[in-house]
> 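This structure is in structure tokens; I'll ask about it shortly.
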Amino acid sequence: MPVLGVLISGRGSNLQSIINAVRSGQLDATVAVVISNRADAAGLRRARDAGIETVCLQPHDHADRDAYDRALARNLSDRCVDLVCLAGFMRIVGPALVEAFPNRILNIHPSLLPAFPGLNAQQQALDHGVRITGATVHLVTSMLDDGPIVAQAAVPVFDTDTVEALSDRILIEEHRLYVEAIRMMLEGRWTVSGRRFVRDG
Ligand code: GRF
């Protein structure tokens, strides 16, 4: 059975939807480990409640960014992780991790990339005045919110939206989309051609 490793920094609602999908059999996989860069991440509790091993890797315990990324890669490899899922992991991952898991790291971002990369994507969408935004799952490269796009979902923006209302509407789509993208990745009938994620057949 394919093995997932999930990296978080906070709330962990995407982690929860992955856990739920594994439990219900919607995802034919197991989550071997949840790693957080913050000891106070609420998602760690969700993992423990689901009986999943947790690891807290704090940046200040490592000499530099590269040493931190090597520690992440080691922790994931030690548990035979096949696919790494970033789920609200608030760090840019560097070459040491990306090269250890080529085309095997996914991230979810709350906008239709390449629009509104980086922090506060929902606020950026409101500020720009777009009528449609959404969520993107993409393969991770060392560039922020870059990398081949695996799946996207569109979400309308309403005139009355607050950032909270818009974020909640996007989050509903995120939870569905991430599970769908993970399933697609695990099925294995895909290739990467330049910037494009191409499904076979
Ligand atoms: C999500 O909006 C995700 O797209 C972004 O960070 C947020 C994490 O939320 N990368 P949660 O921790 O999964 O609830």
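Both ligands and their constituent atoms are indexed starting at 1 by order of listing.
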> With respect to Gln122, which candidate in Val163, Val155, Leu171, Thr162 satisfies the side chain to side chain contact (heavy atoms under 4.5 Å, CB included) definition?
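In the set Val163, Val155, Leu171, Thr162, the residue that makes a side chain to side chain contact (heavy atoms under 4.5 Å, CB included) with Gln122 is Val163.
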> Check each N or O atom of ligand 1 against all protein N or O atoms and list the pairs under 3.5 Å, with atom names and distances to 0.1 Å, one per line.
| from | atom 1 | to | atom 2 | distance (Å) |
| --- | --- | --- | --- | --- |
| ligand 1 | 2 (O) | Glu174 | OE1 | 3.2 |
| ligand 1 | 2 (O) | Glu174 | OE2 | 2.9 |
| ligand 1 | 4 (O) | Ile108 | O | 3.4 |
| ligand 1 | 4 (O) | Glu174 | OE1 | 2.7 |
| ligand 1 | 4 (O) | Glu174 | OE2 | 3.3 |
| ligand 1 | 9 (O) | Arg11 | NH2 | 3.1 |
| ligand 1 | 10 (N) | Ile108 | O | 3.0 |
| ligand 1 | 12 (O) | Gly12 | N | 2.8 |
| ligand 1 | 13 (O) | Ser13 | N | 3.3 |
| ligand 1 | 13 (O) | Asn14 | N | 2.9 |
| ligand 1 | 13 (O) | Asn14 | ND2 | 3.0 |
| ligand 1 | 14 (O) | Arg11 | NE | 2.5 |
| ligand 1 | 14 (O) | Arg11 | NH2 | 3.1 |
| ligand 1 | 14 (O) | Ser13 | N | 2.8 |
| ligand 1 | 14 (O) | Ser13 | OG | 2.6 |

> Applying the side chain to side chain contact (heavy atoms under 4.5 Å, CB included) test to Glu173, which of His175, Arg169, Arg176 qualifies?
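Testing Glu173 for a side chain to side chain contact (heavy atoms under 4.5 Å, CB included) against His175, Arg169, Arg176 leaves exactly one candidate, Arg176.
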> Strictly by salt bridge (charged side-chain N to carboxylate O under 4.0 Å, His left out), give each pair with a member in residues 85-114 just once, sequence neighbours left out.
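Of all non-adjacent pairs touching residues 85-114, none passes salt bridge (charged side-chain N to carboxylate O under 4.0 Å, His left out).
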> Show every salt bridge (charged side-chain N to carboxylate O under 4.0 Å, His left out) that has at least one partner inside residues 108-136, sequence neighbours left out.
Arg131-Asp159
> In the hydrophobic cluster built from side-chain contacts under 4.5 Å, what are the other members alongside Val98?
Val3, Leu7, Val33, Ile35, Val55, Leu57, Tyr68, Leu72, Leu76, Val81, Val84, Leu86, Phe89, Val93, Leu97, Phe101, Ile105, Val140
> Checking the side chain of Gln152 only, and the main-chain atoms of Leu113 only, is there a donor and an acceptor separated by less than 3.5 Å?
yes
